[in-house]
Amino acid sequence: GQNIDQPTEMTATEGAIVQINCTYQTSGFNGLFWYQQHAGEAPTFLSYNVLDGLEEKGRFSSFLSRSKGYSYLLLKELQMKDSASYLCAVRDNQGGKLIFGQGTELSVKP
Amino acid sequence: SAVISQKPSRDICQRGTSLTIQCQVDSQVTMMFWYRQQPGQSLTLIATANQGSEATYESGFVIDKFPISRPNLTFSTLTVSNMSPEDSSIYLCSARRNDEQYFGPGTRLTVT
């Protein structure tokens, strides 16, 4: 079976750092993705991890531990425009499809 | 990255009718997918669009209801057949290039 868990919502302050966690239990694994989705818009690709460790891209970093079935997305120097839904998705190893978690709604307050 | 366009961007349809959504990618991709996103929900995979053969459907989705075509490496269509209000949703095309996967802007469908 497939199970991907992330918090439903989080609140953080402008300028701060926030970590959004994602745990997964899937029958196969071929990479973990993070997407950002603003209301009424399509998901935007943020990161892809297939090996353990931290990947950094500007203000955003993503971490993966395959043995623990765990990932997090780290957002630094938060800006108001970072208020959005953040989606964690796992790619399976049969056909390469992405299975999504329920998403985390992040609200950045002044 | 891949640039993906979808047509129409939105539509309001009467129950019992069908709507075909088109998806065009700017260059060749290895895989194309169709997702549905209901209001306030995450993305649910409908099917993988296979070039030159029948699509691979996920549990709960059938070809008679959601026929899919993919005649070449950059284009796919999804038809929502015999629509009911429960089909009101956003339908998103997605394409994989190498290891990354991108999404189109979506088609917002309302069935009355």
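In what follows, chains carry the letters A, B, and so on, assigned in the order in which the sequence lines appear, proteins first and then strands, with residues in each chain numbered from 1.
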Does any non-hydrogen side-chain atom of B:L43 lie less than 4.5 Å from one of A:L87?
-> yes

Which answer fits A:E105, side chain, backbone, both or neither, if we ask what part of it has an atom under 4.5 Å from a heavy atom of chain B?
-> neither

Is A:V90 linked to B:M31 within one hydrophobic cluster, defined over Ile, Leu, Val, Met, Phe, Trp and Tyr using a side-chain heavy-atom separation of less than 4.5 Å?
-> no

Nearest non-hydrogen partners of A:A42 and B:G104, listed with the distance | CB-O, 2.8 Å

Heavy-atom side-chain contact between A:K97 and B:F33 under 4.5 Å | yes

CD1/B:I63: more than 12 non-hydrogen atoms of other groups inside 6.0 Å | yes

Validation row: A:Y35, B:Q101 side chains within 4.5 angstrom (heavy atoms) | yes

About how many Å separate CG of A:N49 and CG of B:D99, when rounded to the nearest 0.5 Å?
-> 11.5 Å

Rounded to the nearest 0.5 Å, how far does CD of B:Q37 lie from OG of A:S85?
-> 7.5 Å

Go through B:F103 and A:F45 one step at a time and tell me if the ring-ring contact (aromatic ring centres under 6.0 Å, His included) criterion holds.
-> CA-CA 8 Å; B:F103 286 84; A:F45 171 81; 10.0 Å; no

Please look at B:L92 and chain A and tell me whether the side chain, the backbone, both or neither of the residue comes under 4.5 angstrom of a heavy atom of that chain.
-> side chain

Look only at the side chain of B:S42 and the backbone of A:G101, and say whether a donor-acceptor pair between them is shorter than 3.5 Å.
-> yes

Should the heavy atoms of other residues, nucleotides or ligands under 6.0 Å from CD of B:Q28 be counted, would the total exceed 12?
-> no

Say whether B:Y102 and B:V29 are linked into one hydrophobic cluster, either directly or through other cluster members, by side-chain heavy-atom distances under 4.5 angstrom.
-> yes

Closest heavy-atom pair, A:Q102 versus B:Q41, reported as atoms and distance to 0.1 Å, is OE1-OE1, 3.7 Å

Taking atom NZ of A:K81 as the centre, does the number of heavy atoms from other residues, nucleotides or ligands within less than 6.0 Å exceed 12?
-> no

Does B:F66 share a hydrophobic cluster with B:M83, counting links as ILVMFWY side-chain heavy atoms below 4.5 Å and allowing steps through other members?
-> yes

So if you build clusters from Ile, Leu, Val, Met, Phe, Trp, Tyr with side-chain heavy-atom gaps below 4.5 Å, do A:L46 and A:V18 land together?
-> yes

Is there a path from A:F60 to A:Y48 through hydrophobic residues (I, L, V, M, F, W, Y) whose side chains come within less than 4.5 Å of each other?
-> no

